[in-house]
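Have a look at the structure below, then the notes.
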Amino acid sequence: MDSLDLIQTFREVARRNSFSAAARALDMSPANVSKYVAQLEKRFGVRLFHRTTRKVSLTDAGQLLYDRSGPVLELVQMTTSELQERATRPSGRLTVTAPHALVHSGLSTLLGHYLTRYPEVSLNLRLSNRQLDLVEDGVDLALRVGPIPDQNVIVRRLAQLDRVVVASPAYWRAHGFPQHPRDLAGHRVLNINRAGEPARWSFSERGKPLEVALQPHVDANDVAPLIALALMDLGVAYLARPMVQCYLGSGQLEAVLKDFIPQDFWVFAVYMQRRHNSAALMALLAHLESEMPKAESVFSLSQRVEGQLASEMDLPSQKGPESLPNTRK
C-alpha cells in the first residue's frame, strides 16, 4: 500500500476517533482500516493510537504525524489536481526551439495567437540552427525545416516548402546561367551555414538525390543578409520560395535550375512521445497544423525585417523595379 494512502486512512481514524466510522467514510472494511494503520505503525516503529474497546485516541507520535501530514497531503492533492488540469486544459510552460530563419517569419504571430487563445500557457522560445537534443536540452517541441529525418522521434508535418536557386538578373548576365547543379561550383555561393556544417546543396536528378559540395563566397546563419547580398548582384542563394517571392515577382531576383529542385522540404514539428503529452503541447501542435496550411503564412519576411533590410542596404522593401537604387552597371 502506498504511504500516502496509509496516512490518509490514519488521518480519517484520527478525525473520527473510530476505526469503524473511518471505515464507513472510506468505504472500506474495518479490518482493512486496522491493517493499514498497523502497517503504518510497523513502518515507523511507533504506536500511533491508544486503543480500548470504547475509545481510540492519538499517542504523542500519532499527534505529531497528524499535525505534520496535513500540509503534506494538501500539497500532494493540490499538485495532483494541477497535473490533471494540465492533462486536460492547456496550461504551464512549454519550451520550443526553432531555427533562426523562422524569427523573420510569421511564426511569432502564430505563437502570439496561440498564447492569446490559451493565456495560462507560457513559452520559452529558443532559436538555434543547431538541432538541440530534446531530452538533454529539455525541449518540448522542436520546429525544423528540411527533409523529414529518420530518427527515434515523433514527427508531424506542418507545411511543404518550395525552394528556389536565385540571383539577380545582373548577376546572371555577368556570370551565366547554370545548366546543372554542379555548375554552381563556378559561382559565388551565398550559403546558409547551420551550426558549422559544410556547404552541401541538395537537388534531385531523374528522381534520385543529388548533393553538390560548394565553397561559399558568404556563409551566414541567417537568411536576411543572404537576400540582401543577392539583391546587390553578389551571388547565388538557395532559399525557401516564400522568403523571396516578392523579389521574384518584381523581377529583382530570378530563379534557375527549377527541374532539379526536390519536393521533400518541409516545416515539421518534432517531439518525443505520443502518450502523456500535456494539453498545452497537444493544443500547440493542433494550432500549428491548423494555421500553417501554406508555407507563405510562415516564411514570408515580415514588413519589419524588410524595412530593416531596405534601410541598412539601401534596398526596396516590396516595391517594384522602378524603386531599385542605381547600383546596376
| With R117, which residues qualify under side chain to side chain donor-acceptor pair (under 3.5 Å), at least two apart? | none

List the atom pairs, with distances to 0.1 Å, where a side-chain N or O of residues 121-128 and a protein N or O form a donor-acceptor pair under 3.5 Å, not counting sequence neighbours.
{"unit_1": "S122", "atom_1": "OG", "unit_2": "R93", "atom_2": "NH1", "d": "3.3"}
{"unit_1": "R126", "atom_1": "NH1", "unit_2": "D137", "atom_2": "O", "d": "2.9"}
{"unit_1": "S128", "atom_1": "OG", "unit_2": "R130", "atom_2": "N", "d": "3.0"}
{"unit_1": "S128", "atom_1": "OG", "unit_2": "R130", "atom_2": "O", "d": "3.4"}

| said: A side-chain contact here means heavy atoms from C-beta on lying under 4.5 Å apart; do L231 and L253 qualify? | reply: yes

| remark: When rounded to the nearest 0.5 Å, the distance separating CD of E291 from CG of L107 is 12.5 Å

| task | List for me each residue that meets side chain to side chain donor-acceptor pair (under 3.5 Å) alongside R16, sequence neighbours excluded, and say none if there are none. | result | E12

| Can you name the residues that form a side chain to side chain donor-acceptor pair (under 3.5 Å) with Y171, not counting sequence neighbours? | H187

| Quick one: do the N191 and D219 side chains pair a donor with an acceptor below 3.5 Å? | yes

| In Å and rounded to the nearest 0.5 Å, what is the OH to CZ distance from Y238 to F203? | 4.5 Å

| field | Interatomic distance, L141 atom CG to Y271 atom OH [nearest 0.5 angstrom] | value | 8.5 Å

| More than 12 heavy atoms of other residues, nucleotides or ligands under 6.0 Å from CZ of R15: is that the case? | yes

| message | The criterion is side chain to side chain donor-acceptor pair (under 3.5 Å); which residues satisfy it with Q263, sequence neighbours excluded? | response | none

| Listed partners of F177 passing ring-ring contact (aromatic ring centres under 6.0 Å, His included), at least two apart | W172

| field | ring-ring contact (aromatic ring centres under 6.0 Å, His included) partners of H50, counting only residues at least two apart | value | none

| If you measure from CG on L284 to CG on L111, what distance do you get to the nearest 0.5 Å? | 6.5 Å

| query | What residues, two or more places apart in sequence or in another chain, satisfy ring-ring contact (aromatic ring centres under 6.0 Å, His included) together with F19? | reply | F49

| Pairs flagged by salt bridge (charged side-chain N to carboxylate O under 4.0 Å, His left out) wherever residues 55-67 is involved - sequence neighbours left out | none

| remark: Cluster membership besides L64, Ile/Leu/Val/Met/Phe/Trp/Tyr side chains within less than 4.5 angstrom, sorted by chain and number, is none

| said: Once rounded to the nearest 0.5 Å, what's the spacing between atom CD1 of I227 and atom OH of Y247? | reply: 6.5 Å

| field | Shared hydrophobic cluster, W201 / I192 (ILVMFWY, side-chain heavy atoms < 4.5 Å) | value | no

| field | Contacts of R51 that satisfy salt bridge (Lys or Arg N to Asp or Glu O under 4.0 Å) - sequence neighbours left out | value | E41

| message | Using a 6.0 Å cut-off, check whether atom CD of E136 has over 12 heavy atoms from anything other than its own residue. | response | no

| query | Roughly how far apart are T97 OG1 and D140 CG, rounded to 0.5 Å? | reply | 11.0 Å

| Close side-chain approach of S69 and Q8, heavy atoms under 4.5 Å | no

| task | Could you list the residues that satisfy ring-ring contact (aromatic ring centres under 6.0 Å, His included) with H113, not counting sequence neighbours? | result | none

| request: Look at the side-chain heavy atoms of Ile, Leu, Val, Met, Phe, Trp and Tyr, link any pair under 4.5 Å apart, and say whether F260 and L161 land in one connected group. | output: no

